[in-house]
Peer 1: 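Let me begin by handing over the structure; questions about it come next.
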Amino acid sequence: MKKKKLKNRKKRELQVMRDIIAEKHHGLQPKNYGNRKFMEGSFNVESHEEHLLQVSALLEVCILALDGNAEFYTAMLRHKTAKDSVQMVLQMIIELLPFDDIFKYERIKAILENDIEHRYFPEALK
């Protein structure tokens, strides 16, 4: 009887661990785009303002890196160049910019203002 209880407990523990691993709230998640597989990253922000502040901070880091001598003094980073690092951060910033949110905002604004001539005014409402 004890072996059966122990076996059932192990099964429950394994299931709980599978459930924990399967939770996909944040972090890297696999995504398919056409024939290619990517990992999509996500993070929490409290508001659009916080999101834009974070993007601004990344841009400021790039500016400061390019403004100074742009030299790395640690042994671990001596093979890196400022140009490569800044380029990678700028690519990330472009992906973090809320283009979809801005597009949706423009469409809603056009509807509320009843601006039929606006380029984002939905065709279904014309």
Side-chain angles (χ1 to χ4, degrees):
M1 188 70 159
K2 281 188 177 185
K3 285 186 179 183
K4 191 172 187 176
K5 283 185 180 181
L6 186 59
K7 190 175 181 180
N8 287 339
R9 179 172 174 77
K10 292 290 183 191
K11 282 184 179 180
R12 280 198 322 267
E13 287 175 353
L14 284 172
Q15 186 58 46
V16 168
M17 286 187 273
R18 283 186 189 113
D19 292 344
I20 290 170
I21 292 170
E23 288 178 4
K24 297 184 180 186
H25 298 291
H26 305 290
L28 294 178
Q29 304 300 323
K31 293 284 181 177
N32 293 328
Y33 293 102
N35 295 334
R36 300 188 67 191
K37 290 186 178 188
F38 292 95
M39 296 297 284
E40 182 176 89
S42 64
F43 59 95
N44 289 332
V45 291
E46 288 184 14
S47 65
H48 289 284
E49 181 182 15
E50 181 187 0
H51 181 73
L52 290 176
L53 286 173
Q54 290 175 349
V55 171
S56 297
L58 288 169
L59 287 169
E60 290 167 7
V61 167
C62 291
I63 291 167
L64 291 172
L66 294 173
D67 197 29
N69 293 336
E71 295 178 15
F72 296 108
Y73 296 106
T74 63
M76 189 173 79
L77 297 175
R78 71 173 168 251
H79 65 285
K80 300 279 186 177
T81 65
K83 180 182 174 186
D84 293 338
S85 297
V86 169
Q87 185 177 12
M88 185 179 293
V89 172
L90 289 173
Q91 288 173 350
M92 184 176 71
I93 290 169
I94 289 170
E95 291 186 23
L96 288 174
L97 288 172
F99 291 115
D100 290 340
D101 292 343
I102 294 169
F103 176 69
K104 290 175 187 174
Y105 169 75
E106 288 293 329
R107 289 177 61 195
I108 291 170
K109 184 176 145 192
I111 293 169
L112 289 174
E113 293 176 350
N114 200 22
D115 186 0
I116 298 171
E117 300 301 319
H118 196 280
R119 67 181 186 177
Y120 293 127
F121 193 85
E123 289 291 323
L125 298 177
K126 287 185 179 180

Peer 1: From Glu50 CD over to Asn44 CG, what is the distance, rounded to the nearest 0.5 angstrom?
Peer 2: 9.0 Å

Peer 1: Are more than 12 heavy atoms, taken from residues, nucleotides or ligands other than His118, located less than 6.0 Å from that residue's NE2 atom?
Peer 2: yes

Peer 1: With a cut-off of 6.0 Å (strictly less than), are more than 12 heavy atoms of other residues, nucleotides or ligands near CE of Met88?
Peer 2: no

Peer 1: To the nearest 0.5 angstrom, please state how far the CD1 atom of Ile116 sits from the CD atom of Glu123.
Peer 2: 11.0 Å

Peer 1: For the residue pair Val61 and Val89, establish whether any side-chain heavy-atom pair is separated by less than 4.5 Å.
Peer 2: no

Peer 1: What heavy-atom pair brings Met39 and Pro30 nearest, and what distance separates the two atoms?
Peer 2: SD-CA, 3.8 Å

Peer 1: Under a 4.5 Å side-chain heavy-atom rule over Ile, Leu, Val, Met, Phe, Trp and Tyr, are Ile111 and Tyr105 clustered together?
Peer 2: no

Peer 1: How far does CG of Leu58 sit from CG of Leu97, to the nearest 0.5 angstrom?
Peer 2: 10.0 Å

Peer 1: Does Gln15 CD have over 12 foreign heavy atoms under 6.0 Å away?
Peer 2: yes

Peer 1: Say whether Met92 and Phe99 are linked into one hydrophobic cluster, either directly or through other cluster members, by side-chain heavy-atom distances under 4.5 angstrom.
Peer 2: yes

Peer 1: Please tell me if the side chains of Arg119 and Glu106 come closer than 4.5 Å, counting only heavy atoms from C-beta onward.
Peer 2: no

Peer 1: Kindly indicate whether the side chain of His51, heavy atoms from C-beta on, has any atom under 4.5 Å from the side chain of Leu96.
Peer 2: yes

Peer 1: Please report the interatomic distance OG(Ser47) to CG(Leu53), rounded to the nearest 0.5 Å.
Peer 2: 7.5 Å

Peer 1: As an exercise, state the distance from CG of Asp115 to OH of Tyr120, rounded to the nearest 0.5 Å.
Peer 2: 13.0 Å

Peer 1: With a 6.0 Å cut-off (strictly less than), is the heavy-atom count around CZ of Phe103, excluding the residue itself, greater than 12?
Peer 2: yes

